Participant: 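Submitted below is the structure of interest, expressed as structure tokens.
Keep in mind it's a predicted model, so treat the numbers as computed, not measured. All residue numbers in this chain count up from 1 along the given sequence.
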Amino acid sequence: MGYLLSFILFNCLFPSLGQLKFLQHLELVGFHMVECIVPTFYGIDGNNNGSSSNNTNIQVFPLLKELLLEDMPSLTEWKEVQLFPKGNVGRHRLGVRMFPVLKKLMIRNCPSLKSTPNQFEILRDLSIEGVDSEIPLLNLCSNLTSLVMLIIRDVKQLTCLTDEILCNNFSLEHLLNNGSRCSRELLKMLKMCLTNSDFKRKMSRKINNINEESRAINKLANDLGLQSLMVPPRQILPIRETDSVVVASDVVGRDKDVAEIKEKILTMRDDIDLCTIPIVGMGGLGKTTVAKRIFNDEQIEKHFEKRVWLCLPEMSETKSFLELILESLTERKLEVQSRDIIVKKLRDELAGRKYLLVLDDLWRVDPTLWHEFLDTLKGINTTRGNCILVTTRMKLVASTVAVGLHMLGKLADDHCWSIFKQRAFVDGEVPEEMVIMENRIVEMCQGLPLAAGVLGGLIRNKEKHEWQAILDSNSLVAHEDDLGENSIKKILKLSYVYLPSPHLKKCFAYFAMFPKDFEFEKDQLIQLWMAEGFLHPCQETIVMEDVGHKFFQILLQNSLLQDVKLDEHNVITHGKMHDLVHDLAGDILKSKLFDPKGDVGEISSQVRYFGSDSPIDQIDKINEPGRLCALFSRSNIPNDVLFSFQFLRVLNLSRSGIKELSASIGKLVYLRYLDLSYSGIKALPNSICKLYSMQTLRVSKCFLLKELPDEMANMISLRHVYYNSLCMDNKHFQMPFNMGKLTCLHTLQFFKVGSEKGRRIEEIGHLKNLRGELTIEGLQLVCNREEARTAYLQEKPKIYKLKYVWSHDEPEGCETSDEYVLDGLQPHPNLKTLAVVEYMGTRFPSWFSEEFLPNLVRLKLSGCKRCKGIPSLGQLKFLQHLELVGFHKVEYIEPTFYGNDNGSSRNNTNIQVFPLLKELLLEDMPSLTEWKEVQLLPKGNVGRDRLGVRMFPVLKKLTIRNCPLLKSTPNQFEILRELSIEGVDSEIPLLNLCSNLTSLVMLIIRDVKQLTCLTDEILRNNFSLEHLLVLNCGEFRELPQSLYNLRSLESLSIGDCTNFSSIPVSRGENHLTSLLKLRLYNCDGLTSLSSGLLEHCQSLESLNVNKCNNLVSLPLHVWGMPSLSYLNISKCPKLESVPAGSLHRLTGLKTLHIGPFSELVDFEAFQLIFNGIQQLSSLCVLWVYGHAHWDSLPYQLLEFSSVTEIGITDFGIKAFPIETLELAVHSWKKAAPIVVAQTHSGPRFLIFHKLAWSSRQFRTCATRTSAMLQGFCGKQSLRDIFFGYRPVTGSSMNIWCYGEANERLFPWIQLGGFCGTKGKLDAIIAISVAKDQFEWHLSIKLKVSLLCLSDQAFHETGCTKQKNTR
């Protein structure tokens, strides 16, 4: 039948016909038993490559022009052709073209049909009749652009046609509908468009009116002398990823400004609590850039504990500013709260901590509000040395916020020229013709760095005649009366005009939808452009996302975007836009973007976009909702308003607080983009699956959402779906059925394999366009290699990050198919990141090699408990990060790990092993005894010469954790900077690893049982060491004398080393002058510290000596520690030397933990410690530890004005000091009532812990205190009281209560029959109960209180309800 032209079959099984070369007409009628048209219909299989074995493409039905499928009542699925490998092996696969010349397709009386192919390249006539579902019609039309005739008859479920069908098939001449249950709107539209002559006349008049308006505009332009600017069309050149980023060098010409402002900040007078420094200059001068340089400066980071960056154009009210500061500090969006609560929470974050606040691009500020704002900040934090940095264009603003200002001048000409060259010529070679024009160019820039950058980007990649035309343009000539901003606006406008495509100009204008200084996600931005219809595939770039990527790159290269962020693979993920560029985008989109200040008529007739800055409470001003295409809202919108915008394409309700999505969402049939991320939504209605035009669905970080709709496979246009948070800690999550039908899908971050058909791994195989990252979980349900291969991961070159996860419940000895499954999951060679988790095979497949993973950058193998060996990885050329965790059966790391042989290196003298590896982790290998070095190999087969080997030439960080039997390691680590060895019994690996090291910066040693000391050589050779930690090493006894050679040492910690007894005495001139942190705890062998250790540590910021049971002497040179902010000398029961009366010299002290000491130090001597420290205005946290026989508290506790947390523990007071507390509360209240002055008013925490009271004493105290506190709720700052009770018997019980004072909701839990709360119980932070006579009270009374709390109450407070069934 090689020359068969026509073929008709009735009521038999389908033969394989796809390879009939000359078949042009095919009718298949009356196949009543056929349920599925399977791939064998196309006539190709894995063994039959025919004439295409040497080609990359197969044609199926190569000349077929007409196809009829009729009378098939059982047919449910018409499958696409499968991809097959070339021959029987190999990683390349054959591409397939289906029906390349098919022009006419008819499907009749196939009522059960649900799935069809969509690869019809030039289909002109489509007829679909007698099919119940609308899905086949929509799927067939999803990629069509060539339809001339469309006949729809008796499609029962069809409600409407998507706009893509009508818009994409602009040549459609005949659209006939008969018998379908279409909506009245659709029928009315069809009749109007195709048969109504009145409609044609109206359209004709509208077109004539448009033409007349265009002629009038053109005449006006001519009268004004305007000239048309002819922009030659430019091809959008392909841009390689490696060349995409315009890397900005250090800020040019601003070093002096940065240094001056830094000096002002760092040398602020001691008596100034809050200083404001305004940076003033016109737009484009680089004010924000200078502020960022200061904000991220290393000295500034160390100087300020808290740093906040805000960008808000005006201060219209103080509360909004305070709220934004709090959101920045807590990284959480606030619910609607009162100003009083916001101030209290700010105090929790800032009190006692020095902070820097940057207010970027401030335009307007009311003097009264500004001073009120400053007063509030001063009340929140009384610490000296805080700073506000303001950038503004307005001198009036600068004079309002401060007396002095820093004027930012224009750049020098040579600096402008430098920036211009950097942007315009990546290779650094400047044409001579351009050098001649240097003076003209710098004149155009007017000393503005933004102008220089944009102008350079404008001529980037231009031909000589193009950039000459631009630079010769009159529109760029700077006139004498031009201000700098006018000059830059001309350049920006011209840069916009020269954008190479009208669609790209629309993409640029779309940035006006976002607020200024908004950091946008690149992928999200491209998906929004796509939803708006701005991205049109072309011959060179056939994928819309790739077009968007190129558009983004062009905008970046033109310096219209800035501040890009890169991921670990140097791929751009986020970016920003300069304010002046944003202004230009706003001017372009102004007529279409909702503006509540505009003319009401304009709002009703022009608006198409409702942006992030548009006020949601004025959305009802839009009188013609049918015109709105995009809606962004951070607030919940009433359903009747939302669904009146029936032609919406974009709906962004991210962070809007929405908790329920109405089923009416299915009415928004034109919706292409829906974002519900970071919301409290609990379920998605099934009607969402009828949004057949949907391209992007985002429900990330919706932690209450537990599942996706089952019929999601009907969303045939879906290209991106984000739902990763659904799968976190949700073992019952299942994928929707038949996700493989979403053949357009590009983004699918997570897939959980199921056992049912439609949820198996083969669904991934149908998703040929997947890209980005993908996690596949539940691989234990994949049976064999063949099933794993149905995922066709080897054919997905755009996936760069993969994670394979098994979850085995079988006993340890059971056989698994993991080895075969992993072998079948071979990825594409483009893969960059791979993780394999809980793999139970005994070995790894052969594709774990340089040949098949040539581009791998990160690799994690975790929980491979049965593997007896580690794969050969040493020759992975680009591998930078390697984690090997949980190899329980591995005893040796053999030389095969390095992957070296003498094959490719016979002519070389050196082999590099792990040539680019920077980080290596070995963890949880209980059987590992030896880590062998690489073997030296002979050249060729004989000879005395051997190949040299460089192991880990760039490794910087090595971590060995929980490998207790390890005895041997390599020692060839040339530039290792960080070494951490933990959970290794022998000291030999540590000593061996360090034997040749000279570059260490950090050394962490934990739980090395046999370690007795560090050798002199380790510390002497690594003189650049900055951090040294030795923890939980029971035999560790001393540090060597070479400790004092570590001039760069910043932190030293020795902890849980019970035999540690000695820190050597400093000799000569060597001292630890750089030491910032010293911590010694649980060192029972330590009896004293030498006076020389701390005497010269003038930079010391933190000193912690804790639980050293035999420490007797601790020389504390408080006068030599001006930087000390944290001091903890506690629980050292033999310590006799007490810093009596000298702590007040520590003027920067913020946290103090003190006591108890030796019995020789009586209460009077202990009380002397606190003399004078009431003067420490910086002190915020105070914990005092006493003795059981001390029955009173130091009187100085009443005299602190700045402390926010007081802890009192281990005292033996017999009754709760109600009078003392009353006096303290009254004194705090009298000192500074919080409600009136918004200033600090005493402790927020009061902690009484482990006090030896009887149950009767405790019950009495609780009752009296609860009653007393009710009188102070809302009048002072005391908000939390923590009570801990330890009876004489030694059993323990901790109860923590929490409440908001200003709401009069102070909760209280009483024991001994008084269990209950005063007001609403907001949270129970921790409850632990020992078995004693009080347990029955808690088990009965307290359980009632817990169960009375709703789940919602716990959720709102961020706490977790845990029930103890004991």
Side-chain angles (χ1 to χ4, degrees), residues 36 38-40 42 44-49 52-53 56-58 77 79-96 735 738-743 745 748 750-771 773-807 815-831 834-849 851-854 856 871:
C36 181
V38 295
T40 54
Y42 306 109
I44 56 176
D45 56 36
N47 299 315
N48 180 19
N49 297 333
S52 302
S53 58
T56 57
N57 288 299
I58 296 176
E77 186 174 7
K79 293 186 176 181
E80 291 183 325
V81 67
Q82 300 290 327
L83 299 181
F84 296 98
K86 290 183 178 180
N88 295 319
V89 294
R91 63 174 185 254
H92 299 294
R93 306 187 79 83
L94 297 173
V96 179
M735 298 297 297
N738 302 315
M739 290 289 284
K741 292 183 178 180
L742 302 177
T743 55
L745 209 58
L748 181 69
F750 181 92
F751 186 91
K752 186 173 184 179
V753 178
S755 57
E756 303 169 272
K757 184 172 177 57
R759 287 181 169 141
R760 296 173 185 161
I761 198 170
E762 63 186 1
E763 299 299 315
I764 298 177
H766 300 298
L767 307 177
K768 303 170 187 176
N769 300 309
L770 284 182
R771 56 174 64 188
E773 59 183 82
L774 172 62
T775 295
I776 306 177
E777 193 173 291
L779 288 170
Q780 70 280 359
L781 298 178
V782 181
C783 297
N784 49 48
R785 180 188 291 110
E786 288 68 29
E787 184 180 356
R789 282 179 175 169
T790 61
Y792 294 116
L793 293 172
Q794 200 174 353
E795 307 306 322
K796 296 176 170 56
K798 296 294 183 69
I799 293 181
Y800 69 87
K801 186 175 183 179
L802 267 174
K803 184 177 181 179
Y804 300 144
V805 183
W806 283 260
S807 300
E815 292 292 328
T816 68
S817 59
D818 290 11
E819 287 183 25
Y820 304 105
V821 171
L822 186 57
D823 189 27
L825 293 175
Q826 178 178 344
H828 191 276
N830 289 351
L831 191 72
L834 175 63
V836 179
V837 181
E838 300 299 326
Y839 169 68
M840 290 299 168
T842 59
R843 59 185 180 85
F844 286 87
S846 59
W847 55 262
F848 268 75
S849 67
E851 179 184 359
F852 299 103
L853 298 172
L856 200 65

Participant: Apply side chain to side chain contact (heavy atoms under 4.5 Å, CB included) to Leu822 and Phe848, showing your working.
Facilitator: CA-CA 10 Å; Leu822 186 57; Phe848 268 75; 4.1 Å; yes
Participant: Applying side chain to side chain contact (heavy atoms under 4.5 Å, CB included) to Val821 and Ile761, what does each step give before you reach the verdict?
Facilitator: CA-CA 11 Å; Val821 171; Ile761 198 170; 6.0 Å; no
Participant: For Glu819, which residues count as a side chain to side chain donor-acceptor pair (under 3.5 Å) partner, sequence neighbours excluded?
Facilitator: Thr842
Participant: Nearest 0.5 Å please: distance from the CG atom of Leu748 over to the OG1 atom of Thr775.
Facilitator: 9.5 Å
Participant: Give a yes or no on whether the backbone of Cys783 and the side-chain of Ser817 come within a donor-acceptor separation of less than 3.5 Å.
Facilitator: yes
Participant: Got a sec, which residues hit side chain to side chain donor-acceptor pair (under 3.5 Å) with Arg760, two or more places apart in sequence or on another chain?
Facilitator: none
Participant: For His828 and Lys796, work out which heavy atoms get closest and say how close.
Facilitator: CB-O, 3.7 Å
Participant: Can you tell me how far OH of Tyr804 sits from CG of Leu774, rounded to the nearest 0.5 angstrom?
Facilitator: 8.0 Å
Participant: Once side-chain contact (heavy atoms from CB on, under 4.5 Å) is applied, do any residues pair with Lys801, and if so which ones, sequence neighbours excluded?
Facilitator: Glu568, Glu773, Thr833
Participant: Tell me whether Phe751 at atom CZ has more than 12 heavy atoms from other residues, nucleotides or ligands lying less than 6.0 Å away.
Facilitator: yes
Participant: Please check this pair: side chain of Lys803 against backbone of Val837, looking for a donor-acceptor N/O pair closer than 3.5 Å.
Facilitator: no
Participant: Roughly how far, to the nearest 0.5 Å, is CD of Glu777 from CD of Glu838?
Facilitator: 10.5 Å
Participant: Suppose we screen for side chain to side chain donor-acceptor pair (under 3.5 Å). Which residues come up paired with Ser849, at least two apart in sequence or across chains?
Facilitator: none
Participant: Are the side chain of Gln780 and the backbone of Ser807 linked by a donor-acceptor contact shorter than 3.5 Å?
Facilitator: yes
Participant: Would you check if Leu779 and Leu825 make a side-chain contact, meaning some heavy-atom pair closer than 4.5 Å?
Facilitator: yes
Participant: Using ring-ring contact (aromatic ring centres under 6.0 Å, His included) as the criterion, list what pairs up with Tyr839, not counting sequence neighbours.
Facilitator: Trp806, Phe844
Participant: Distance-only, no hydrogens or angles: does the Arg785 side chain make a donor-acceptor pair with backbone N or O of Gly824 under 3.5 Å?
Facilitator: no
Participant: As a quick check of understanding, evaluate side chain to side chain contact (heavy atoms under 4.5 Å, CB included) for Asn738 and Glu763, giving each step before the final call.
Facilitator: CA-CA 7 Å; Asn738 302 315; Glu763 299 299 315; 4.2 Å; yes
Participant: Specify the closest pair of heavy atoms between Pro845 and Asp823, including all atoms of both residues, with the distance to one decimal.
Facilitator: CB-OD1, 3.6 Å
Participant: Measure the shortest side-chain to side-chain distance between Leu853 and Trp847 over non-hydrogen atoms and say whether it is less than 4.5 angstrom.
Facilitator: yes
Participant: Report the residue from Val782, Val805, Ile764 that forms a side chain to side chain contact (heavy atoms under 4.5 Å, CB included) with Ile776.
Facilitator: Ile764
Participant: Heavy atoms only: give me the nearest Ile799-Leu770 pair and the separation to one decimal.
Facilitator: CG1-O, 3.6 Å
Participant: With rounding to the nearest 0.5 Å, note down the distance linking NE2 in His766 to OG1 in Thr743.
Facilitator: 10.5 Å
Participant: Where do Leu781 and Ser755 come nearest, in terms of heavy atoms and distance?
Facilitator: CD1-N, 4.0 Å
Participant: Between Lys757 and Glu762, is there a side-chain N and carboxylate O pair less than 4.0 Å apart?
Facilitator: yes
Participant: Working to the nearest 0.5 Å, report the span between CG of Leu831 and CD of Gln794.
Facilitator: 11.5 Å
Participant: Run the salt bridge (Lys or Arg N to Asp or Glu O under 4.0 Å) test against Asp818 and tell me which residues pass, sequence neighbours left out.
Facilitator: none
Participant: Shortest non-hydrogen contact from Arg759 to Met735?
Facilitator: NE-O, 2.5 Å
